[in-house]
Participant: 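Mind having a look at this structure? Questions to follow.
Numbered from 1 within each chain, the chains take letters A, B, ... in sequence-line order. Quick caveat: nothing in here was measured; it's all calculated off a predicted structure. Just so it is clear, the values below take in all heavy atoms, side chains as well, and ignore hydrogens, waters and symmetry mates.
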2 protein chains.
Amino acid sequence: MTATRERIVESADTLFYETGFEATSFADIAATVGISRGNFYHHFKSKDDLLCAVIDLRKERTRAMLDEWEKTNEDPFDRILCFANILMTNRAKIMAFGCPVGTLCAELSKLEHAARAQASEIFGLFRDWLEHQFRALGARDAALPLAVRILAWSQGVAMMATAFGDEAFIREEISSIRTWLKEHPDIPSTA
Amino acid sequence: MTATRERIVESADTLFYETGFEATSFADIAATVGISRGNFYHHFKSKDDLLCAVIDLRKERTRAMLDEWEKTNEDPFDRILCFANILMTNRAKIMAFGCPVGTLCAELSKLEHAARAQASEIFGLFRDWLEHQFRALGARDAALPLAVRILAWSQGVAMMATAFGDEAFIREEISSIRTWLKEHPDIPSTA
DNA sequence: GATAAATTAGGACAATTGTCCTAATTTATC
DNA sequence: GATAAATTAGGACAATTGTCCTAATTTATC
């Protein structure tokens, strides 16, 4: 049975997000899952191995979320707005713990951790998906710059939300993103 | 003599930035400063106390930097560009360790650390200073939103730089910030 | 230059860390 | 239902953590 393994990854995912990778101990995870501490090494060969499993889970879930947005929205414009709206949907957690992707990348960078590049790939999934949407909107060569721009924008808003805890600001920025999309000269079909 | 205390704070400042607060041990700092490990407690009553001293140092240096920008630039427009340019000036460190202010805020949030609010005040210094500059440019009620917007923008660019390590992107974004400032309808004197 | 105060070195401390090992228990296989 | 395999619990481990204490040393005071 791999149920235990999945429960470990699930708990580690939450704890790594809410308290950080380094600050989360096996004792913390064991207490949450309800298993013995020495039992981890039957499922993972090290804490780094567990981290890799958590990152893989996040990548998988990110792909699923992006697919879902694509499936439930015909208009690429609306799809991009789905992306912007996660700031509002997850506002409580973002204000408390920051963006899960950004904060993990930052922590692994400081630790010079081998999984650093893997974590950045989650950003890569968003970037590529957004580029695809902008291209569908007719942005052509501007698609990639626009994708990174809106990704950076959302990261900036997330950081301000963490620092100042201002929910109204998040709402206003999402509104600004919508206006920016509609009026952008490089996006012919929405202008 | 307080020289030792200052050297401790100095080393801690660098190490907290480059490897994180939690991941930096007294042993690490002691090795850098070249003193005994048990010697810290004559200068600081705890690691949290040392963190407070580091944050105070950063706030002091931020104030000094902002004063300097104000002194060496007549035009508030140029002053704001000084702010945007730190992304380029510190690009190597930002790509390696992220923004020192943002990453500290994020880490302390996750740790639910008492000094969390203190760290956010560094962002507050930038925000208030930027608001002051936008007001000087005639932005009136738009000054505060514009200040937080450009602060968020810089944070987003810093995070992308950390994740993707793309120096050209930083350069392009600073250029975009300049254009944005010049053409913004809420800033009469630059439009 | 003697005396008091400030500073430092070195080690002890209890707690915690990730890791590993072994014995017990559960589960799957025939 | 016996046997093998997979899983788990519990504890040992060496290393490291922040913290504290004491004795030695340096510095300041008169």
Side-chain angles (χ1 to χ4, degrees), chain A residues 1-57 104 107-116 118-119, chain B residues 1-57 104 107-116 118-119:
Chain A
M1 221 179 316
T2 52
T4 306
R5 190 194 145 97
E6 280 167 27
R7 275 160 60 219
I8 293 174
V9 178
E10 193 70 39
S11 288
D13 179 36
T14 305
L15 287 167
F16 287 175
Y17 173 38
E18 297 185 358
T19 76
F21 168 68
E22 184 90 339
T24 300
S25 72
F26 274 145
D28 296 330
I29 306 171
T32 307
V33 181
I35 58 163
S36 161
R37 205 167 87 267
N39 189 10
F40 284 98
Y41 290 79
H42 185 262
H43 298 283
F44 307 96
K45 71 174 207 290
S46 67
K47 196 186 179 187
D48 292 348
D49 196 38
L50 172 56
L51 174 62
C52 286
V54 168
I55 294 177
D56 284 344
L57 176 72
L104 182 67
E107 183 179 5
L108 298 185
S109 294
K110 284 177 197 287
L111 296 174
E112 297 187 274
H113 197 285
R116 184 193 169 164
Q118 254 188 282
Chain B
M1 220 178 317
T2 51
T4 306
R5 191 194 144 96
E6 280 167 27
R7 274 161 59 220
I8 293 173
V9 178
E10 193 71 39
S11 288
D13 179 35
T14 305
L15 287 167
F16 287 174
Y17 173 38
E18 297 185 357
T19 76
F21 168 68
E22 184 91 339
T24 301
S25 72
F26 275 144
D28 297 329
I29 306 171
T32 307
V33 181
I35 58 164
S36 162
R37 205 167 87 265
N39 189 10
F40 284 97
Y41 290 79
H42 185 262
H43 299 282
F44 307 95
K45 72 175 206 290
S46 67
K47 196 186 179 187
D48 291 348
D49 196 38
L50 173 56
L51 173 63
C52 287
V54 168
I55 295 177
D56 284 344
L57 177 72
L104 183 66
E107 182 179 6
L108 297 184
S109 295
K110 284 177 197 289
L111 296 174
E112 298 188 274
H113 197 285
R116 183 194 168 162
Q118 253 187 283

Participant: Do B/R37 and D/dG18 have a side chain to base donor-acceptor pair shorter than 3.5 Å?
Facilitator: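 Looking at the base of D/dG18, it does pair with a donor or acceptor on the side chain of B/R37 (distance under 3.5 Å).
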
Participant: Using Watson-Crick or G-U wobble geometry with both distances under 3.5 Å, which nucleotide pairs with C/dT29?
Facilitator: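 Its partner is D/dA2 (Watson-Crick or G-U wobble, both distances under 3.5 Å).
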
Participant: Taking atom types as modelled, is there a side-chain donor on B/H113 or B/D48 under 3.5 Å from an acceptor on the other?
Facilitator: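 There is such a pair between these side chains.
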
Participant: Figure out the NE2/P separation between B/H43 and D/dC20, and round it to whole Å.
Facilitator: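 Value for this atom pair: 16 Å.
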
Participant: A/I35 has an atom CD1; how far is it from atom P of C/dT26, in whole Å?
Facilitator: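 Result: 16 Å.
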
Participant: Which nucleotide, in any strand shown, forms a Watson-Crick or G-U wobble pair with C/dA24, with both distances under 3.5 Å?
Facilitator: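 Answer to the pairing question: D/dT7, which forms a Watson-Crick or G-U pair with C/dA24.
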
Participant: Counting the benzene-type ring for Trp, do B/F26 and B/F44 have ring centres under 6.0 Å apart?
Facilitator: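 Judged by ring-centre distance (under 6.0 Å), B/F26 and B/F44 do not meet the cut-off.
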
Participant: Check the phosphate of D/dT16 against B/S25, side-chain N and O only, distance under 4.0 Å to OP1 or OP2. Yes or no?
Facilitator: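 Indeed not, no polar side-chain atom of B/S25 lies that close.
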
Participant: Between A/R5 (side chain only) and A/H43 (backbone N and O only), is there a donor and an acceptor less than 3.5 Å apart?
Facilitator: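 Present.
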
Participant: Quick check: on DNA chain D, is the nucleotide nearest A/G38 upstream (toward 5') of the one nearest A/H42, or the reverse? Name the residue that is more 5'.
Facilitator: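 Result: A/H42.
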
Participant: For residues A/S46 and A/D49, is any side-chain donor paired with an opposing acceptor at under 3.5 Å?
Facilitator: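 The criterion, which ignores hydrogens and geometry beyond distance, is not satisfied for A/D49 and A/S46.
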
Participant: In the structure shown, which nucleotide is the Watson-Crick or G-U wobble counterpart of D/dT19, with both distances under 3.5 Å?
Facilitator: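 In the structure as shown, D/dT19 has C/dA12 as its Watson-Crick or wobble partner.
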
Participant: Grab the CD1-C1' distance between A/I8 and D/dT8 for me, whole Å please.
Facilitator: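 Atom-to-atom, A/I8 to D/dT8, this comes out as 11 Å.
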
Participant: So which nucleotide from C/dT17, D/dA9, C/dT19 ends up closest to the side chain of A/S46?
Facilitator: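 The nucleotide sitting nearest to the side chain is C/dT19.
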
Participant: Side chain of A/T4: nearest nucleotide among C/dT8, C/dG18, D/dT8?
Facilitator: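 Taking heavy atoms from C-beta onward, the closest nucleotide is D/dT8.
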
Participant: Whether A/K47 engages the ring of A/F21 as a cation-pi pair (distance to the six-membered ring centre under 6.0 angstrom, angle to the ring normal within 45°) should be assessed.
Facilitator: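 Relative to the ring axis of A/F21, which defines the angle, A/K47 lies inside both limits.
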
Participant: In whole angstroms, how far is the P atom of D/dA6 from the CG atom of A/N39?
Facilitator: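 It is 15 Å, rounded to the nearest whole Å.
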
Participant: Between C/dT8, D/dT17, C/dC20, spot the one nearest the side chain of A/Y41, thanks.
Facilitator: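 Closest nucleotide to the A/Y41 side chain: C/dC20.
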
Participant: Can you tell me the distance, in whole Å, between the CZ atom of B/R5 and the C1' atom of C/dA6?
Facilitator: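 Roughly 15 Å, once rounded to whole Å.
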
Participant: Give the rounded distance in Å between these two atoms: CZ of A/F40 and P of D/dG10.
Facilitator: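 So the CZ-P distance, A/F40 to D/dG10, works out to 14 Å.
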
Participant: Starting at CD of A/E22 and ending at P of C/dG18, how long is that distance when rounded to a whole Å?
Facilitator: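 A/E22 atom CD is separated from C/dG18 atom P by 8 Å.
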
Participant: Considering only D/dT8, C/dT8, C/dT19, which nucleotide approaches the side chain of A/F26 most closely?
Facilitator: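 Of all the options, the side chain of A/F26 is nearest to C/dT19.
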
Participant: Between atom CG in B/D48 and atom C1' in D/dT17, what is the gap in whole Å?
Facilitator: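 The distance from CG of B/D48 to C1' of D/dT17 comes to 14 Å, rounded to the nearest Å.
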
